[in-house]
Structure formats: C-alpha cells, structure tokens
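Presented below is the structure to which this report refers.
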Amino acid sequence: MTDKKTPQLDELENGKWPSFVTEIKKAAVKNEASKELLHLLEKSYVDKRGHWKHGGIVGVKGYGGGVIGRYSDVPEEFPHLAAFHTVRINAPSAWFYKTDSLRKICDIWEKRGSGLMNFHGATGDAILLGTVTDELQPIFDELSEAGFDLGGSGSDLRSPSCCVGPARCEHACYDTLDACYNITNEFQDELHRPMWPYKFKIKFSGCANDCAAAIARSDCAVIGTWRDTIVINQEEVKTYADNGMDIQAEVCDLCPTHALKFDHNKKELAVISEDCSRCMHCINEMPKAIFPGKERGASILLGGKSTIVQSAFMGWVIVPFIKLEGDYEELKDLLRRIWEWWDENGKTRERIGETIYRIGMSKFLSEVGIPAVPQMVFRPRSNPYVFWPEEELK
Amino acid sequence: MTDKKTPQLDELENGKWPSFVTEIKKAAVKNEASKELLHLLEKSYVDKRGHWKHGGIVGVKGYGGGVIGRYSDVPEEFPHLAAFHTVRINAPSAWFYKTDSLRKICDIWEKRGSGLMNFHGATGDAILLGTVTDELQPIFDELSEAGFDLGGSGSDLRSPSCCVGPARCEHACYDTLDACYNITNEFQDELHRPMWPYKFKIKFSGCANDCAAAIARSDCAVIGTWRDTIVINQEEVKTYADNGMDIQAEVCDLCPTHALKFDHNKKELAVISEDCSRCMHCINEMPKAIFPGKERGASILLGGKSTIVQSAFMGWVIVPFIKLEGDYEELKDLLRRIWEWWDENGKTRERIGETIYRIGMSKFLSEVGIPAVPQMVFRPRSNPYVFWPEEELK
Amino acid sequence: MAKIDQGPPNYKEMLPPIILENYGKWRYHEIPKPGVLKHVSESGAELYSIRVGSPRLVSLDFIRDLCTLADEYCDGYLRFTARHNVEFLVSDPAKLDPLIAALNAKNLPVGGTGHALSNIVHTQGWVHCHTPATDSSGVVKAIMDDLYEYFVSMKLPAQLKISLACCLNMCGAAHCSDIAIVGVHRTAPKIDNEKIRKGTEIPSLVACCPTGAIRPNPKEKTVVVNEAKCMYCGNCYTMAPGMEIINPDNDGIAILVGGKVANARTNPMFSRMVIPFLPNNPPRWPEVTDAVRGIVKTWSANARKGERLGEWVERIGWEKFFTLTGIPFTDKLIDDFIFSRETFRTSAAFKF
Amino acid sequence: MAKIDQGPPNYKEMLPPIILENYGKWRYHEIPKPGVLKHVSESGAELYSIRVGSPRLVSLDFIRDLCTLADEYCDGYLRFTARHNVEFLVSDPAKLDPLIAALNAKNLPVGGTGHALSNIVHTQGWVHCHTPATDSSGVVKAIMDDLYEYFVSMKLPAQLKISLACCLNMCGAAHCSDIAIVGVHRTAPKIDNEKIRKGTEIPSLVACCPTGAIRPNPKEKTVVVNEAKCMYCGNCYTMAPGMEIINPDNDGIAILVGGKVANARTNPMFSRMVIPFLPNNPPRWPEVTDAVRGIVKTWSANARKGERLGEWVERIGWEKFFTLTGIPFTDKLIDDFIFSRETFRTSAAFKF
Ligand code: SRM
Ligand code: SRM
Ligand code: SRM
Ligand code: SRM
Ligand code: SF4
Ligand code: SF4
Ligand code: SF4
Ligand code: SF4
Ligand code: SF4
Ligand code: SF4
Ligand code: SF4
Ligand code: SF4
C-alpha cells in the first residue's frame, strides 16, 4: 500500500500555514501506523467520511480515564490502525515546558506510539495520538517516571487549565498557575476515576479578559477580579494623552458603566469606584497607567459548557468575590459541596449547569448553602411563579 | 342588613383620589344589589378574601360570549347577589362617545342592573357590573336598539381596541379607528361565538409609542410605522434650538441607532435613513420639527399575552411592513391563515404565541406562508439544531 | 327586534365636529399645563383635551355627571383613555378654565399627562371575581391617594405607568408596567374531591398546570397535587372550582418593576419582581403604598430626564437598584421557570 | 515503578529564570511588532515572547525542533498558548531577531498577537474521531492559508478568534467564537438493530435525545426515531454505535459568528448561526473559506477600532449584518429550541 497516492492531502502541503500533512508524513517515515493513517485520511477525503469506530474501554492500571480507545472500521485494509488509542497527558500549569521534559515525552512516544501528537488538546492536555492497547501501560509507566500523569476523560474531573497569569501578565489578580496546580493535585481521585453524572471542567483566568475562556469552556470558571478600586497613575495618563491617545473616545466612551471621567485640561482620569464593573477595558487600553485594585481575588461562575444537550451554557456568577489564598480551602470546600449536590440531583450525562437549570437556582443555592445576591443575575424573574416553603407561611 | 356598618370601606372615601366606595354608595341608594355589594365587600375586607364563586354559562340568544356569569358564595346573607353577572359592551373605536349614547346605556342599566359599571374593562369593553340572569336578554335587546353590541369572552376574538390615532394625534401612521372598526365588523362571528383553542386579542396602535399597549396586551399587535425616512423641518429645528433645547443631548444621544447628526453651527439636524429604526423618540421630543415618513403602514407583531401558562410573552415581528388601505384585505387574509393554523395546531387554552413557541417559528412561517426575514428576530439561533426537509437533501 | 352581530357603533358618529374636520390633520401638540393637551391642526384649529382621573368602577350617576359637563363644555362629546381616564374635548378655548373649575368643584383630579403618574390599569378583585388574591379598587385607591401629587403635576423623570392585577391571570396586564402590583397566592390548592368529580375534565385539569404538579387519581376519580412542584398560579382553580386556591392568611401582593411597552429609545421590557410578598392589610395596604412610594422616590431622585423606571434600572444595573432602594434581595427573585437561564449573569463584569 | 495520582509536573520547574524572578511583578506590556510581546517587570526586566503558529497536530520531530530552538534562544524553555500557538520566551534581546530569522527559515509563521487572527482552536475530525461531520485539520489548514495575512499582521479591527468543531459535541468549544465552523449532520440516524440489541442501555438512549425523538421499541428490543423530531445532533450516536448518524452526501459545515468570551466592554456572547450548511469539498473547502473571508472582509471594512465582530453586529443590528454581507437569511436561522423566545424580536423598532 506504500505505493498508494495521496493527491488531496498532498495539496494541503501547499500554502503558507504549516501543514499537518507534512507532520503526518514525517511521522510516517518512522512509523507504519502513521503511514497508514495518511492513506486512511486520504480515503476519508475521497469518501467524505471518517473511518473510525466507537472506542471501547481501554486504560491503565488504577485509572478510569485518560485514554480514549479508538478502532478503525477498515482494519483489513489498515492493519496497524486496528487499534489506535489516544493518551491524554495532564499538562503543566499554563503549558510551560522545559525542553528536556518535552524530549522525554517524545522519546517515549517515538518508541511506543505513532509519533503524532496534539499540542494541545482543546481541554489542555498534551495528546499522544495513536497507539495499540498493549503499549498503554508501558507508556503510562514511563510517563510517570518522567514526572507526568494522565489527564481526565469520561464522567470525571477534566484536567483543569489556566491562563499564563502572573507568570507573564501584568493583569493577574491571583496566582492562576498555583491555583490550577493545587486544585488539580487536591482532586486527583476525581480526575482519574470517573464517578459523576458527567464531566466537570475547571478553568482559571487571572482577570475578566478570561484568556482561558473559562466562562464558555468550563463548568466552573474562576475569574480574577478585585473588590476595591482600579489604580490610576496620572503621570502615565498624561503620557498616553501627550502621545496622542484619544482617551475620551478610546477609553471613557467604551467603559460599559460610564465610570470614567477624563479631564481634558488637566489630562487627568477619574473613576467612580462603585460604578466600575471591572470589565478590564480601560486597563487593557492603558496598561501602563491603569491597574487592577489592591484587594484581589476571584469571581466563581458555574455552568459553562457547549451545545449538547440543552444547548450551550455560559457560566454564571455564584460567588461574586472569593479570596484565593493559602491552600484554597474555601474554593475546595465549595467545589465539594457543589459536586455532592450534583451527585445527588444530576441525571446521567447531565452537566451541572443543566442540573441547576432543571431544578432551579434557588433550590441549588439553599441546598448547597450559598447566599443569594443580585450579582448572580442580570435581572430578577419576570414571572411571579415563586415557591414558598411551609415555614415562611402562616 | 341596612344597619350594618362598613367602617373599612368608609375609610376609603377619604383621600383626594375619587372613591369607588362613594360610587357604590351612590348606586346603593337606588339598587338593593349594590347595597348588598357594599356589605359583601366590607365582609371581604374583614375576611381578606373574595366571596364569589365560579361563573356558570349564562348568555343571550345567538351569542356564545359577552356575558360573565357570577354567583356569590353567601347567597343566604346577600340574596340580591345570588346572581350578579357582567355584561361586556363592545366600545366604539378609541372610546369616543356622544353623550346621548352614553345616557342610553345608563338608562337601560338603571332599569335592569346594579347601576355599577367599569369605564372601561382592561380589554376595552364598557362593563355593566352585576345583574340577574333574567335581565340579560332584555338588556341585550335594548342595547342593540341603542346601537350597541356585546364584546368578547371565552375562547373567541376579544373586542379589538385602538389608540386615539388620527382622531387626535399627529403621529398616527394609519387610521387606527377605522382599522379597528372594520376588522371588528369583519370578524363578528369569531367575536361572538367562541370556536378557538383560547382567546385572541387584537390591538391597533398608530405608531411605535404603542399607546394601545398592543405588544404586551394583544395576541396580534398592529403598530403603525413608515418605510421611507422621517421628515425634518429645519426651520422648526432652529426654533427648538433657539428656545434652548439641547438637541444633541435630549434627542441625538438617545437615538437608539445613533442615526441623528446635529450640526451645532448650522442648527441643522440630519438623519441616516437606513439606520433609523423608527422608534419615535426624536419625533416625540420635537413634534413640531420631526414627522413620520410619507410611505406609511404598520408592522404586525404576534404572540403577546400575560403570565398564564408559559409565562408572559410580548408580541414579535412577523410582518415588518404592511400597507393598511381600503378594506384591509391583506390583514384579514393574514389573520384567517393564522387562525386556521392555530386551530389545527393549538392545544386547549394555549395562546397563539405559546403554540408557535412549542411548534417552532420556522414551521409556523412555512405553514402559514410567511417569508422569513431577519426583522423577525433580535438575533439568529445560537444552537445548531436545524431541521432539514427531505427535499433539500441529496 | 335585537340585531345580531351589528358590531360596535360607528366611531364617526361619536366624534365631535372639530375632530371630523381635522381628522388625520393634527400637526403637533403641547401640554400647556398638567392634564391639558393642546393639539394643533394643519388647518390651525386647536383642540384642548382635559384629562380627568376616574375610579373606573363607577355608578351611572357618575357617567351622567360626565355627560352633563360634556354637554355644557364640549358640545356633547367626550372620550375615555387606554388607562381609564376621562378626556373632555374642548374646541372653544373660552370654555377651558370654566370646565377645569367645574371639575375642581366636583373634586375630579385633572392630570396624568406627560411626565406624570397616570391612572392605574386594574381589575375586579373582591368586587366581582372568584380568584383574587387581593382586592383591586381598594389597593388602587390607596396608592392613588398616596401618589396623588404625581398625577396632578409633571415633576417625575418620565411617564409612570402602574398596573394592578388581583391574580396571576393578570387581567391588569401588569407584565410590562413601570410598577406592577400583582395579587399572589402562596399555598397549593386544597382539593375538594366532590367538586372535582362532578363535571371536571380530569385530563385538561392535569394538562393545565404549568409545572406539571397535578397527577390524576383515577381510583378516586380526582387528582392529587405534588405540593413541592406547585407555585400557586391558580390556573387549575380557573379550570376547576374544586381546586380551592384562596387562602386569606397567605394571599397577598407581589411587586414587579421596570416594564415598558413603548418602543421609544429602548425596546419594550417586562416588569421584574423586586418584592415577592406583602400582606393584605385593608383598607389602606400600608406596606404596599410604602413600598411603591419608596421605589418612585428613589427613581425620581436618581433617574435622568425622560428616563423610564426600567431604563434607569437597566442603566445602573439591577444589583445597584437593590442597593439604592434598600429592598432586600432574596432567592425568590431568581427565576427558575422556562426562560430562567437568560436571566443568570453570564458575565464576570458586575457591580458589588 | 509507576506513581499513581502524582499529578502534573510542578509548573515551577518549567518556568525560565526570568519568569521565576519576576513572577507576579510584570508591570505592563507592548507589542513591538506582530507576534512579539514585550513584557516589562517592576524590576525593569524585559521578557520577549515570540508567538508562532502551529498545526497542533504535529510529529515528535516538530516538537524536537521547537526544543532545539528553545535551547538555543531561550535557555531551554518555551510554552504553548490557550490557542495552540507556541511561545518562545526570550530574555536576551540580542537573540530576538536571530530567533525570528530561524523561525522564518523553518517557514513557521510569527504573529497572532493584538488585533490579529490567531490560531484556530480545533478538534480531531477524520483523523481520529468517530462522529465527525467534517474534517478538522484540513479545514483549518485551508482557512489559515487563506487568511494568513491576518495572522502575521495586526490590521484587523480587533482580535479574531475562529474555532472549529467537527460535530455538535463541540470539542472546539466554538460556541463563543468570533467565527465558529461547526460540522453538522443533516439526516436522522440509521438504526442498526443488531448493534442496539447488543449492549445498548435503551432507557438512557431514549433519554439522551434533546428533542425526545427516540421511542423504545420493546418488541424488537430496539428503538425507533421520529424523524420529524430529529435535528441530527448525534448525541444518540455518541451513546450508541447502532445509531449511525454519518451520511457523506449530507454532512457538512455550518457557520456561526459574533461570539466572544472576554468581559471587556461588553458581556460574553454566543456565536449565532448565519449559514446553516456548506458542503464538504476537500481538500480545500472553497465554499467555507470564501464565506469566512467574506465575513472577515465586511467586518474589517465596517467595524470601529477595537470592535469585536459580535460587538459590531450587535451595534448595527443583525438585520443589517445580512444586508451588508449579502448572506441570505432563511427560516433555518430562526431558533426553535428551548430559549428561542428570547431571540424573537419583541419590538416594533428595527431596520428594514
Ligand atoms: C481531544 C478533544 C478534541 C481535540 O482534538 O482537542 C476531544 C475529543 C473528544 N471529545 Fe470532546 N474533546 C476535547 C475537548 C472538548 C471540549 C473543549 C473544552 O474542553 O474546552 C468540549 C466542549 C466544552 C464542554 O465541555 O462542553 C468537548 C465536548 C465533548 C462532548 C460534549 C459534552 C457536553 O456536555 O456537551 C463529548 C460527548 C461526550 O462526552 O460523550 C465529547 C467527546 C469527545 C470524544 C471522546 C468522542 C466520544 O464521544 O468518544 C472525542 C475523542 C476524539 C478522539 O478520538 O480523539 N467532547 N470536548 C479534546 C480533549 C483533549 C484534551 O483533553 O485536551
Ligand atoms: C373584566 C376584566 C378585568 C377588568 O376588571 O377589567 C377581566 C376579568 C376576568 N378575566 Fe381577564 N379580564 C380582563 C382583561 C384581561 C387582560 C387584559 C387585556 O386584555 O389587556 C388579560 C391579560 C392579557 C392577556 O390576554 O393575556 C386577561 C387575562 C385573563 C386570563 C389569562 C389568560 C391567559 O392566556 O393568560 C384569564 C383566565 C382565563 O381566561 O381563563 C382571565 C379571566 C378572567 C375572568 C373571566 C375570570 C375567569 O376565569 O372567569 C374575569 C372575570 C371577572 C369578573 O367576574 O368580572 N383573564 N384578562 C377584563 C376584561 C374586560 C373587558 O372586556 O374589557
Ligand atoms: C390618550 C392616550 C391614547 C388613547 O387612545 O387613550 C395617549 C395619548 C398620548 N400619548 Fe401615549 N397615550 C396613551 C397611552 C399610552 C400607553 C399605554 C398605557 O399607558 O398603558 C403607552 C405605553 C406605555 C409604556 O410604554 O409602558 C404610551 C406611550 C406613549 C409615549 C412613549 C413614552 C415613553 O416611554 O417615552 C409617548 C411619547 C411621549 O410621551 O413623548 C406617548 C405620547 C402620547 C401623546 C403625546 C400623543 C400625541 O401626540 O397626542 C398623547 C398625549 C400623551 C400624554 O398623556 O402626555 N405615549 N401612551 C393614552 C392615555 C392613557 C392615560 O390616560 O394615561
Ligand atoms: C497567551 C494567552 C494566554 C495563555 O495563557 O495562553 C493570552 C495572552 C494575552 N492576552 Fe488574552 N491571551 C490568550 C487567549 C485569550 C482568549 C482565549 C482564546 O483566545 O480562546 C481570550 C478570550 C477571547 C474572546 O473574548 O473570545 C483573550 C482575551 C483577551 C483580551 C480581551 C479581548 C477583547 O475582547 O477586548 C485581552 C485584552 C487586550 O487584548 O487588550 C487580552 C490580553 C492579553 C495579553 C495582552 C495580556 C498581557 O498583558 O500579557 C496577552 C497578549 C495578548 C496578545 O496576544 O496580544 N486577552 N485572550 C492566550 C493566547 C492565545 C493565542 O495564542 O492567541
Ligand atoms: S486572563 Fe487576564 S491575567 Fe490571565 S493572561 Fe489574560 S489578561 Fe492576563
Ligand atoms: S474596568 Fe471597565 S468598567 Fe471599570 S472603569 Fe475600566 S472600563 Fe469602566
Ligand atoms: S400610538 Fe402613536 S399614534 Fe397612537 S396615540 Fe400613541 S402616539 Fe398617537
Ligand atoms: S425615530 Fe428613533 S431611531 Fe429613528 S432617528 Fe428618531 S430617534 Fe433615531
Ligand atoms: S386578575 Fe384574576 S382575580 Fe383579578 S379579575 Fe382577572 S381573573 Fe379575576
Ligand atoms: S396552582 Fe398552578 S402550579 Fe399549583 S397545581 Fe394549580 S396549576 Fe399547578
Ligand atoms: S467535535 Fe465531535 S467529531 Fe470532533 S472530536 Fe469532538 S466529538 Fe469528535
Ligand atoms: S440525532 Fe439527536 S435529535 Fe436525532 S435522534 Fe439522535 S439524539 Fe435525537
């Protein structure tokens, strides 16, 4: 089959953007499975359909997840793809790597897999793409030696991820890397042994710019913010003005709460502290002059997920402000209470957001013990369909 | 029982706002039932509950609606309230009356009823409040003589109503009084003989100020608008400016589409025609200087209703622009097609808006034969759950 | 002999000459003073409309008095408004002040125009309906007495439209009002099996419940209510007298705010619940009048000129509304019905 | 011996010295040129991050090449971004240009910063998944080739975040992207009763359907699908291999636009469907690249500086978006699922 041609894929080696086809071909030089993958994919391009079957349960000792089983639907034609499983490696916080650790992964994978990988998967794991069942345990053992562990899959906690935060960003309102690392280690059992109604994702963003896309891509979004007032350096404001920035138009007019007043004569910027919603816009536009406040922490938003089943949800505020310090006990305790409630109330394959939507926010809040505050909603209910507990009635 | 006291109601005769208690007492002088009503109501004020039972089916020959049956739950105590029915009179367009016609109603009601009435009911009928079953037919006969007819009740077309429009308003984009009168007469059968899944209300407003509250209070809202451009009289604009009006702040800055540009030096106002959403704001603020365009008609919004069952709905656009001329054939035809579809698809006690919500807009549109346009939605769907008809597939 | 389906009288016969002559020709209007509208026609004709507050629930003598005034000052014509006010249509400016004097003499309030509180659209209540959770006319009288100053002046930031409905059927169509007063039940229906058995269609009764709280009980030929699922809307009682929903100890009033209907400036908006319950304290419902006054005061103290109550709240944010009014926020105000998700704050940007 | 639950490596061991020293002390940043971020610390230290586009699906040689470069120019440290780009962390300004030269030599694109198109978050597609309605890497390659200029420059009005998911499971999390490319099936699942019978849990299969289109067929120990109710989401196929959803003739791509995640200026927004279907035409999906380019062009020609695609559309109105782009509006774009009502235009104020 080596003589088979791949005209369609070859075409995708043209063009300026680096080509995944070239990558597959590189792997194909050293690995039969990758060579077959090239032709299987060309076949898909001709048939306009994938050629993979559902994955059976495969994995490694002591783990309920971390491996995605995959089998070709044309094993006769592509014997090396009969089994072509995926291994998910829990990446370091904010995807920082020392080259030697990356090389270790490469060496293991060169020996035991297709040589193809995703840096990274959409949830944030490093993905080793394609190996046979017998190699799974050895791969894990060697990864473990190299200091790595598996990521999540199935109805468990998925590998938490975070933005680059304090490692390389001036906006970080808390230590996203440490929080991600600490929480991930705290909940290793939840991460490696599916035990819930469905998957649960946590993402950490250091500020409302939400570079981890936490509000959309995680069931629990931890988004950095502050409780006091933005800090304004008037000297730097002047410099921006002198350098010709139209502060009124580019900053003040786009402030969603109209909390910023610019004095054109004095070239001074003032903020109405209680009106600021901490959206980050002015700070983004004038990073040298405006900074987050000093009393920092995060907001917790719950319920984010994509389309299936009830349609996509974005996370919504359940804790307006939480300090993220020390061992993150407050956050851990909150997560445990939420999971316990979800475990009791959630249906199979029902994400936490869908469970709360079905059962009702107020029930969720009172049962999990979270006080109701107006920050949780854009606006109150428009229907008068209120439930009244026995004890509040005459 | 005449000696019974009504201390709570008496208190409601104090205060500057005209008192309904005084009105009941006036009626009580001439009518036993009204006298008893006063004491029944005092009893309600003491018990904190109403004392009326469900209404049975009562009515007049040839009509399925127009009368609300009502019976007291304490007939022994209040014999004259054993039966205390309501008669709904279809009011003239925009509630204009010649005094002699009002007097005729009073005379009939003095003779045959409690002497109490509502001017008007919330749907817009003139309401005769409280009479016995035997009087219903005579009342109808005499009202009929006096040129009046019954309003709607039950699962039928309710008495359409309209804003004052061209009779006394400079903003009217079509003849609301004539449209209301014409449509009401066209659909007398639908109005007087319940035949639908539930009630259906039509309201006519001459412009987007919607003084008939049509979008909230009617299943079908006919709201006046224009297809071309607002008309600006620059002379009058100058006068407003000279009289100290801050046109930029009060008019331009509040234009939802930012379609207005005011030239402070020339004191001239310009509009970006294709951006104007015809919200009426600028016209409201400067009625002497700005007027609706010349090519006038209306938008049709469907689905408005209050809370029960699926929660309150506001009407939404199903026809962005329709000419309202001659005999309103286009509108009548549209209404017939909508009712036919509702009849086939609606469940009992399901308002048209709820039926469309349950079955889906696109199904409704294609089956009723209304072309889909972006004006029907604030924004497109965010879920990818699209239905594809056989014939559009390979 | 009675005519079937003759329809309402032709409005043309009800219009005064000045309107027939200037029909569709009105050019602009002014509000010379509260309660007085001056409409000027292309022809130069001027029509004065005097707006007068009415209790809506009136005796025929009240109507006859109106007619007498209309005959004397308006050539025998008058109209009522979409909010149950009376409008006297004066074509002779000389008769304007005498009419107002006559109205004052009768203690009839002149106002409700422009940036004022208008009449309260309301319903039957204990006077004539079977499902009310509160009275209608009494609450309205108490509120209008309390806010009278805002009817006869134009000192509010914008129009103030208050509506009242005495049960969730919402005959007052309060769902899009600046302030909505809504009668609410708070206990599940007590089932009278006798009543249910005679003449209730069980399937439609079961089907009518918005939350599916009603299950049939075929053995007993009646139904059972899952009280945990019932939110007391009373729709089952409307359907079936056997579903007794009224409970004097626990019925009362909820307050919703921020609705509007007009499309001017901003889109129409629903009213939203800010107080889930206030008790029925006839004859003057002090808890209700205090709450309403408090909201009106806060709005007029903080809103911009021309800013409707809902527009003001949407600009400052609902979280700030609760701070400014001091009204306590509770979980009861958080939606848990079909469209609840759209009310959740899916944003990290908000005010503390 | 393998350690269970040791967790990911400690990030501290993965951070270059300059970051360890200035951790949490960064004061501001600049973007000297496309693809180059300059972060300045309170200490005065300067860190340059060179952002490089990656195909994401790579061979280990690719990673080893990156390591070689990182060793030579970055003391052996590098990182990847939330959008699968590579970032070289340069602490020695002298090494900046040489590194960029080396990257150019390897034809690796430097860019994706500021008001640029960044890498496309995407998924497995035909390379490795069982439910795709389209390929992933191929479509991404075609689009990035076509829009290359916007990655290496910063000439767009704002950030442009494109995401792709090859089926409605949405692993690309495209639901809040400026432009979302979504693989869609368009035919109801063909049921393989044999497969269903062996090892499918019928109740959960029936329960998994968002529209309740699946009914059990106990006699046959399988299920039946009410095709009229099926909108081809494929959730049943994810649950049960017997619900064959793939249909090469009718599978393809839908395009949604206007989503965002950041809270800056405006709240996060969902992407919304503007093109319900485009065919799979490998290897270059011309219909898709044309559509995307058309949308990007119209946006950048009309939007204000700093205005995200969705912010621009919400400002001008969706009706105007269809006018400007010339994309035909059809009933398929009108929502008919749970929250549809909130998308209906409950207002008489709109643009023609
Ligand atoms: C590998 C990855 C895509 C990629 O190419 O990067 C992926 C691949 C699969 N996802 Fe996913 N999902 C991946 C990130 C996501 C995301 C994005 C995210 O996490 O930000 C989502 C949407 C966000 C969310 O969670 O809602 C996502 C939503 C799903 C769903 C729908 C879940 C839902 O609640 O709607 C399924 C279906 C399921 O779980 O049964 C699914 C299922 C799958 C399966 C396991 C298919 C299946 O049902 O067996 C895919 C395996 C493909 C394969 O054979 O390699 N995948 N999946 C991503 C995980 C890599 C990693 O660990 O880093
Ligand atoms: C008289 C009136 C209230 C008033 O004091 O003005 C009224 C009174 C009743 N309404 Fe109403 N509704 C009246 C306008 C409304 C409105 C307001 C409107 O039309 O703008 C609404 C809300 C708007 C809407 O249509 O959604 C309204 C929504 C209801 C409902 C709920 C319907 C729904 O779909 O949600 C019911 C329940 C029902 O129909 O079974 C109802 C039922 C009733 C009944 C017949 C009670 C019943 O179930 O038997 C009330 C009779 C009271 C009595 O004994 O006098 N009434 N009803 C209004 C009619 C007078 C007139 O014809 O002018
Ligand atoms: C008489 C009446 C029509 C009728 O057929 O009865 C009427 C008459 C006028 N309305 Fe209205 N509106 C009338 C009910 C309404 C309603 C419906 C309601 O109140 O339930 C609305 C929608 C209310 C809402 O949005 O919730 C309404 C929203 C308006 C608006 C838009 C207000 C705003 O939000 O900006 C205007 C424009 C304005 O006032 O500048 C307007 C303007 C007017 C003008 C100025 C039109 C004109 O040029 O003649 C009339 C005098 C207004 C005034 O009182 O100052 N009218 N107007 C109604 C008087 C009711 C009353 O007794 O108070
Ligand atoms: C490296 C990265 C974080 C990471 O841990 O990997 C990152 C880094 C920065 N982001 Fe981000 N963002 C990163 C993903 C995101 C995402 C998530 C995503 O792309 O999926 C978002 C949300 C996207 C959305 O809203 O849909 C995001 C929304 C922002 C924003 C707000 C943009 C806006 O709508 O105004 C800013 C502020 C700005 O750019 O002025 C920002 C600002 C920044 C700054 C300037 C922060 C700083 O001061 O260092 C960083 C350089 C931005 C640049 O590229 O010009 N970052 N940023 C991510 C780079 C992804 C990539 O390779 O392109
Ligand atoms: S989310 Fe905030 S802190 Fe984190 S990288 Fe983005 S801008 Fe920086
Ligand atoms: S952070 Fe946002 S809301 Fe606060 S002042 Fe700056 S721009 Fe305004
Ligand atoms: S709706 Fe328009 S036309 Fe009718 S009365 Fe009100 S302002 Fe005049
Ligand atoms: S009618 Fe409304 S949208 Fe049109 S120009 Fe006037 S204010 Fe603007
Ligand atoms: S709102 Fe309820 S109680 Fe009041 S009149 Fe209407 S149906 Fe009767
Ligand atoms: S009151 Fe409403 S919710 Fe309760 S049972 Fe009756 S219909 Fe259902
Ligand atoms: S989006 Fe669908 S097809 Fe693509 S990887 Fe995820 S599950 Fe597989
Ligand atoms: S494809 Fe989706 S909608 Fe169709 S039957 Fe399967 S689960 Fe239901």
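A note on names: the letters A, B, ... follow the listed sequences, proteins ahead of strands, and every chain is numbered from 1.
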Review point. With chain C, which of Tyr71(B), Phe84(B), Trp109(B) has the greatest number of heavy-atom pairs at distances under 4.5 Å?
Key: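 Counting heavy-atom pairs under 4.5 Å, the top option is Phe84(B).
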Practice item. Under 4.5 Å, counting heavy-atom pairs only, tell me which of Thr184(B), Leu191(B), Asp178(B), Asp210(B) racks up the most with chain C. Key: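 Highest number of pairs under 4.5 Å: Asp178(B).
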Under 3.5 Å, side chain of [X] to main-chain N/O of [Y], donor-acceptor pair present?
{"X": "Asn263(C)", "Y": "Ala208(B)", "result": "yes"}
{"X": "Lys3(C)", "Y": "Asp141(B)", "result": "no"}
{"X": "His130(C)", "Y": "Trp52(B)", "result": "no"}

What I want to find out is whether [X] reaches [Y] closely enough, with some N-O distance under 4.0 Å, to be called a salt bridge.
{"X": "Asp61(C)", "Y": "Lys30(B)", "result": "yes"}
{"X": "Asp71(C)", "Y": "Lys98(B)", "result": "no"}
{"X": "Arg193(B)", "Y": "Asp5(C)", "result": "yes"}

Heavy-atom cut-off 4.5 Å, strictly under: side chain, backbone, both or neither for [X] against chain C?
{"X": "Lys16(B)", "answer": "both"}
{"X": "Ser19(B)", "answer": "both"}
{"X": "Tyr181(B)", "answer": "side chain"}
{"X": "Leu41(B)", "answer": "side chain"}
{"X": "Leu37(B)", "answer": "side chain"}
{"X": "Arg349(B)", "answer": "side chain"}

Point to revise | Note, Leu116(B) side chain near Val58(C) side chain (heavy atom, < 4.5 Å) | key: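 No. Closest side-chain heavy atoms not under 4.5 Å.
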Using heavy-atom distances under 4.5 Å, tell me whether [X] contacts chain B through its side chain, its backbone, both, or neither.
{"X": "Asn169(C)", "value": "both"}
{"X": "Leu20(C)", "value": "neither"}
{"X": "Leu89(C)", "value": "side chain"}

Review point. Are side-chain N/O atoms of Gln6(C) and Asn185(B) paired as donor and acceptor at under 3.5 Å?
Key: no
Review point. With distance as the sole criterion, is a donor-acceptor pair present between the side chains of Asn284(B) and Arg265(C) under 3.5 Å?
Key: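 No, Arg265(C) and Asn284(B) have no side-chain donor paired with an acceptor closer than 3.5 Å.
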